[in-house]
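Quick note on labels: first sequence line is chain A, next is B, and so on, each numbered from 1.
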Amino acid sequence: MLDLKFIEQNPDIIKRALEKRKVDVDIDGFLEMCNKRKSLIQRVESLRARLNKESKELGRLKAKGVDIQDKARELSQLSDEIKEIEKQRKDIEATIFDIRSQIPNIPAPDVPEGDSDEDNVEIKKWGKRPEFSFEPRPHWDVGASLGGLDFERASKIAGARFALYFDWAARLERALINFMLDVQTRENGYLEVLPPFIVNYDSMFGTGQLPKFEEDLFKLQGWDYYLIPTAEVPVTNIHRGEVIEEKQLPLAYTAYTPCFRSEAGSYGKDTRGLIRQHQFNKVELVRFVHPDTSYKQLEILLTHAESILQRLGLHYRVVVLCTRDLGFSAAKTYDIEVWLPGQNTYREISSCSNFEDFQARRANIKFQPEGSKKKEFVHTLNGSGLAVGRTLVAILENYQQEDGSLIIPEALQPYMGGIEVIEPAK
RNA sequence: GGAGAGGUGGCCGAGUGGUUGAAGGCGGUAGUCUUGAAAACUACUGAGGGUUGAUAGCCCUCCGGGGGUUCGAAUCCCUCCCUCUCCGCCA
């Protein structure tokens, strides 16, 4: 959410930002409503000031035993008038709020302009593509021949876009979660948190999923409850409505959660394998930081996500998302894309974003600056550290062997009870 | 699920229709005193909005959320949410 005064005073910046994102909002109509709102406020407040004053006077007169009937009748009319204007004011403020909550964040100045993910800009690469003496297979083949993944039965149990993990695959998923949490807590200074996987409307509003993206979410029937699409939601909302002491910043949390996404609008996309599931595991990183440092913090966050891939020896590249590809709440986003030899492509495995004060304003998260009276909004950031299912995919595709076996990356072996290789069932 | 008790400023806590312009305390900030500190004393101490050149004044709103009664609501009524206690159920 953007500051109302900022929108009123800088409509051109907003229009330009919307244009870059190819989002259409009637800003001129919005500004007209803002003016209407102001004139209603001025009218209602001057009437209310009069009512307050005269009501007090009336109380004094009554205490003295003076007959107040006529005056009371007059004020009753005034009171009705105020209620009428107040109603108009509430209506227009609700409309203004609705529109404002659907305006996306302003892209940072260095975000490249572009129309699709084709225009995202690669800023670095790490490692090298592994070389194979055979044609590397996609992960669903590797998984099938090793017997750890079962999509057919999963679809019987739940439907399309669900997976069953057995044996080594279930253990590998669990190993990855523990490995990621250990690195983030022990080496990168994050506090581990295990949050609710179901949240209410206000939390979804706070991080920007609602009201605009309800169709992407699973909602519990008959409840004001939603399944989380990412741990970003419950973790960022830990401090909703709070004032944080400046000296506590930056606050850094990491959380493992499953994530639930309806994947509306992605029919027919990535239907095979583990890439696009209704339920997947993710270890998330969330930072609450001082506004002055948030872009530096974004770079730090990125290195924390990268560190996992580096320790797993997985080749990846980092791209900056262009304006059209940027998420609703984000001002700037880096995607880390891991190399998948079985599909001969890079796939997103982490998304690291600076939301500036966009989420903090929606969720009312402030800090008290040293030596200043005025509380300010913090900046929030988050990134995947990493998407667990896709990491498993990357391991399957990058560490597959010609004989059908799978090598376990060294960093994971302690988490797999020392197992170094998974052999196909005989 | 049943019965009951609560939700007031950063925190504790008073307040059952009109000087509440939210008592008092704690915490915080500044000052006096002190070599320094502590103690004591003094002053200040929230958020949002409107007006304005203004972070000055003035005005409006906010006592869990929403709605209502009234000239006037923290206070009365309705409704929802949350917390706590006991019972039931349950991992």
Side-chain angles (χ1 to χ4, degrees), chain A residues 1-9 30-101 194-206 210-211 219-220 222-226 234 237-249 251 288 291 357 360-378:
Chain A
M1 182 120 63
L2 300 173
D3 182 50
L4 185 58
K5 274 193 186 139
F6 182 85
I7 301 172
E8 287 180 302
Q9 288 164 10
F30 180 78
L31 293 176
E32 244 171 72
M33 273 186 264
C34 293
N35 287 334
K36 175 89 176 144
R37 163 181 171 267
K38 278 190 185 172
S39 73
L40 285 172
I41 285 174
Q42 284 164 32
R43 260 173 76 200
V44 80
E45 288 194 349
S46 66
L47 291 177
R48 188 175 292 284
R50 197 179 124 210
L51 179 68
N52 286 348
K53 227 173 121 190
E54 299 199 13
S55 286
K56 259 171 219 165
E57 180 60 25
L58 203 64
R60 275 191 287 270
L61 290 175
K62 193 184 172 193
K64 281 193 218 157
V66 179
D67 177 48
I68 59 168
Q69 279 219 337
D70 287 351
K71 192 73 185 164
R73 211 171 293 127
E74 187 193 324
L75 290 187
S76 178
Q77 275 175 22
L78 180 59
S79 178
D80 288 345
E81 193 183 344
I82 288 170
K83 272 175 196 153
E84 177 52 36
I85 304 171
E86 195 68 65
K87 193 181 162 304
Q88 292 175 32
R89 171 193 176 172
K90 274 196 175 161
D91 287 349
I92 203 158
E93 288 195 332
T95 308
I96 286 171
F97 184 82
D98 283 350
I99 296 171
R100 186 156 73 109
S101 61
L194 182 65
F197 303 160
I198 296 174
V199 300
N200 58 27
Y201 182 94
D202 289 346
S203 293
M204 285 293 187
F205 182 86
L210 290 177
K219 183 172 199 290
L220 299 198
W223 294 78
D224 175 33
Y225 282 156
Y226 299 82
N237 278 281
I238 287 172
H239 293 294
R240 172 151 52 86
E242 293 185 6
V243 180
I244 300 165
E245 281 178 64
E246 186 177 31
K247 61 173 183 259
Q248 291 188 286
L249 298 177
L251 284 170
F288 300 83
D357 63 4
R361 183 173 290 108
R362 286 172 92 95
N364 191 23
I365 306 168
K366 295 187 169 179
F367 75 103
Q368 177 77 64
E370 209 82 36
S372 160
K373 283 264 175 229
K374 193 87 178 152
K375 295 176 179 69
E376 287 178 43
F377 290 113
V378 298

Chemist: Does A:Lys366 have any side chain to side chain donor-acceptor pair (under 3.5 Å) partners at least two apart in sequence or in another chain, and if so, which?
Modeler: none
Chemist: Please name all residues satisfying ring pair (Phe, Tyr, Trp, His ring centres under 6.0 Å) with A:Phe205, sequence neighbours left out, ordered by chain then number.
Modeler: A:Phe97
Chemist: Sort me out a list of protein N/O and nucleotides 65-70 of chain B N/O pairs below 3.5 Å, or just none if empty.
Modeler:
unit_1: B:G67; atom_1: OP1; unit_2: A:Lys90; atom_2: NZ; d: 2.9

Chemist: Compile the donor-acceptor pairs under 3.5 Å between side chains in residues 37-45 of chain A and protein atoms, sequence neighbours left out, one pair per line.
Modeler:
unit_1: A:Arg37; atom_1: NE; unit_2: A:Glu93; atom_2: OE2; d: 2.9
unit_1: A:Ser39; atom_1: OG; unit_2: A:Lys36; atom_2: O; d: 3.1

Chemist: Checking A:Gln9 now: which residues fulfil side chain to side chain donor-acceptor pair (under 3.5 Å) with it, not counting sequence neighbours?
Modeler: none
Chemist: Under 3.5 Å, which protein N or O atoms sit close to an N or O of nucleotides 16-18 of chain B? Give each pair with its distance.
Modeler:
unit_1: B:G18; atom_1: O6; unit_2: A:Lys62; atom_2: NZ; d: 3.3
unit_1: B:G18; atom_1: N2; unit_2: A:Ser55; atom_2: O; d: 2.6

Chemist: With both distances under 3.5 Å as the test, what is the Watson-Crick or G-U wobble partner of B:G6?
Modeler: B:C82
Chemist: Please enumerate all protein N or O atoms sitting under 3.5 Å from an N or O of nucleotides 75-80 of chain B, with distances to 0.1 Å.
Modeler:
none

Chemist: Not counting sequence neighbours, which residues clear ring pair (Phe, Tyr, Trp, His ring centres under 6.0 Å) with A:Tyr225? List them please.
Modeler: A:Trp223
Chemist: Only counting residues at least two apart or in another chain, list the ones meeting side chain to side chain donor-acceptor pair (under 3.5 Å) with A:Lys247.
Modeler: A:Glu245
Chemist: With sequence neighbours left out, write down each residue that passes side chain to side chain contact (heavy atoms under 4.5 Å, CB included) with A:Lys90, or none if nothing qualifies.
Modeler: none
Chemist: Quick one: list whatever passes side chain to side chain donor-acceptor pair (under 3.5 Å) with A:Arg240, sequence neighbours left out.
Modeler: A:Ser203, A:Asn237
Chemist: Using a 4.0 Å heavy-atom cut-off, write out nucleotides 48-62 of chain B from 5' to 3' as B (base contacted by protein), S (sugar-phosphate only) or - (no contact).
Modeler: SBSS-------BBS-
Chemist: For A:Leu78, answer base if it contacts any base atom (sugar-phosphate contacts may also be present), sugar-phosphate if it contacts only those atoms, and nothing otherwise; contact means non-hydrogen atoms under 4.0 Å.
Modeler: nothing
